[in-house]
Engineer: 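What follows is a structure written as structure tokens; I'll ask about it next.
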2 protein chains.
Amino acid sequence: MDFVILGMLLERPMSGYELKKTVDVTIGLFYKASYGSLYPALKRLENRGWIGVNESDNQKNKKTAYIQPEGKAAFLDWLQIPTQLSRKEQMLRFFFFDYLDQPTRQKRLTERADTLRKEIKQLERVEADLADKFHNREQATNHNYRIHVLHYGLQYLTVELNWIQQIREDEP
Amino acid sequence: MDFVILGMLLERPMSGYELKKTVDVTIGLFYKASYGSLYPALKRLENRGWIGVNESDNQKNKKTAYIQPEGKAAFLDWLQIPTQLSRKEQMLRFFFFDYLDQPTRQKRLTERADTLRKEIKQLERVEADLADKFHNREQATNHNYRIHVLHYGLQYLTVELNWIQQIREDEP
DNA sequence: TATGGCATGTAAGGTGTTACATGATTCC
DNA sequence: GGAATCATGTAACACCTTACATGCCATA
């Protein structure tokens, strides 16, 4: 959580509420931020001196968090360490799928395929949006890797979809 | 963790130690079980009545866990609910990769590619092993989905590898 | 008899989830 | 004025990680 927040704050200062929304629309497909983890994380980061927090003048009930140099340094450190495995719960479930009766299995596979198709469509919309913005020169900074991740996401979802299709064909 | 244990115990009764080894060699690529999570989980499952535990007669220091009908029922319930997203930490990192300086980035990408190649080789070995066992009719039960997951794993890793290769070519 | 693998477990610390509680602001 | 949305946060609970502690057993 901490590094997600730091990464988002590198772009611009934001409130906790804005952070959640931003996370949801940008990396929501593979990261979910709940307030119960977000606000404690903000406090943590502030105590560590990695971020600072400004109370807003006009809106009493609003605080804006901004990143500190120490926070940026910590973020860049994290960014460059190699990742170890992340849990792939979907794969875990499929691993045990032989234990499921065939009709339920079929049903779940179909549902999963539907979900994947929706997610693919969603990503394609995001991609189109991005291309639009690019043509209108609306973006100040270059974020090539966000586009790379988008492409990866599409390929990744497509592979899973094809994989399920294949299984469904072979199954009955 | 709980459902991993239950799934493994469906095959045969095992000790905690055996469970860890089995998890490592079967789903180790996407799931890591530490004793600190495994043993408490076993206790949890026993308290819930989902598994039973036998103290061994000959080896004092050994306990064997076996699955109970309630445990099997709970496992099958879990198996058929649709999964929500799992965190993809690697993707998270890549999402922010624009903030990394080019040389470090290049280095990390190369390292990741190497890791992927190793993982692919490892999976291919597992696949060959499985094919061997199949020909020698060593397997009692059919585990088609484990083979499916294996194939998926290979495709998945290959997609990421190609993706990185593409980026590395475009980058400098 | 000592090394390595078998075997079980706990404690501290951290972090996440869900549900709840509450108040401000905007717009119809 | 009321609904939606903006906005911040806490409490209980669950679970995981890492590090540590301990003992058995085979075999070289």
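Chain letters run A, B, ... following the sequence lines, proteins first and then strands; every chain starts at 1.
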Engineer: Please report, rounded to the nearest Å, how far the C1' atom of D:dC15 is from the CG atom of B:L42.
Structural biologist: 15 Å
Engineer: Would you kindly give the CG-to-C1' distance between A:D24 and D:dA7, to the nearest whole Å?
Structural biologist: 15 Å
Engineer: Which nucleotide in the list D:dG9, D:dT8, C:dG9 gets nearest to the side chain of A:K63?
Structural biologist: D:dG9
Engineer: Taking the side chain of B:S34 as its heavy atoms from C-beta onward, which of D:dT17, D:dT10, D:dT5 lies nearest to it?
Structural biologist: D:dT17
Engineer: Between A:K43 and C:dT15, is there a contact of a side-chain N or O with OP1 or OP2 at under 4.0 Å?
Structural biologist: no
Engineer: Output the rounded distance in Å from OH (A:Y39) to C1' (C:dT15).
Structural biologist: 18 Å
Engineer: Counting only side-chain heavy atoms from C-beta out, which of C:dG16, C:dA7, D:dC16 sits nearest to A:Y31?
Structural biologist: C:dG16
Engineer: Are any of A:K20's side-chain N or O atoms less than 4.0 Å away from OP1 or OP2 of D:dC6?
Structural biologist: no
Engineer: Which nucleotide sits closest to the side chain of A:M1: C:dG16, D:dT10, C:dA7?
Structural biologist: C:dG16
Engineer: Between D:dC16, C:dT18, C:dA7, which nucleotide has the shortest distance from any of its atoms to the side chain of B:R44?
Structural biologist: D:dC16
Engineer: For B:M1, is there any backbone N or O sitting under 3.5 Å from a side-chain donor or acceptor partner on B:Y31?
Structural biologist: yes
Engineer: Donor-acceptor check, side chain of B:D98 to backbone of A:Y145, threshold 3.5 angstrom: yes or no?
Structural biologist: yes
Engineer: So which nucleotide from C:dA7, D:dA7, C:dG9 ends up closest to the side chain of A:K62?
Structural biologist: D:dA7
Engineer: Side chain of A:S15: nearest nucleotide among D:dA7, C:dT10, D:dC16?
Structural biologist: D:dA7
Engineer: If we check side-chain contact (heavy atoms from CB on, under 4.5 Å) with A:F75, which of these qualifies: A:D2, A:L9, A:I5, A:L10?
Structural biologist: A:L10
Engineer: Nearest heavy atom decides the nucleotide; on that basis, is B:G16 or A:L38 closer to the 5' end of DNA chain C?
Structural biologist: B:G16
Engineer: Distance alone, cut at 3.5 Å: any donor-acceptor contact between the side chains of A:E127 and A:H151?
Structural biologist: yes
Engineer: Which whole-number value in Å describes the distance from A:L19 CG to D:dA7 P?
Structural biologist: 11 Å
Engineer: Do the two ring centres, one from A:Y156 and one from B:Y156, sit under 6.0 Å apart?
Structural biologist: yes
Engineer: Do any side-chain nitrogens or oxygens of A:Y17 fall under 4.0 Å of OP1 or OP2 in D:dT8?
Structural biologist: no
Engineer: Anything under 3.5 Å between a protein N or O and an N or O of nucleotides 19-24 of chain C, put it in a table, one pair a line.
Structural biologist:
from   : atom 1 : to    : atom 2 : distance (Å)
C:dG23 : N2     : A:N61 : ND2    : 3.2

Engineer: Does B:R93 count as lying over the ring of A:W78, i.e. NZ or CZ under 6.0 Å from the six-ring centre, within 45 degrees of the axis?
Structural biologist: yes
Engineer: Closest to the B:S37 side chain: D:dC6, D:dT17, D:dC15?
Structural biologist: D:dT17
Engineer: Using residues 14-23 of chain A as the side-chain source, report each donor-acceptor pair under 3.5 Å to any protein atom, sequence neighbours left out, with the distance given to one decimal.
Structural biologist:
from  : atom 1 : to    : atom 2 : distance (Å)
A:S15 : OG     : A:E18 : N      : 3.1
A:S15 : OG     : A:E18 : OE1    : 3.2
A:E18 : OE1    : A:S15 : N      : 3.0
A:E18 : OE2    : A:R12 : NH1    : 3.4
A:K20 : NZ     : A:D24 : OD2    : 3.0
A:K20 : NZ     : A:A33 : O      : 3.1
A:T22 : OG1    : A:E18 : O      : 2.7

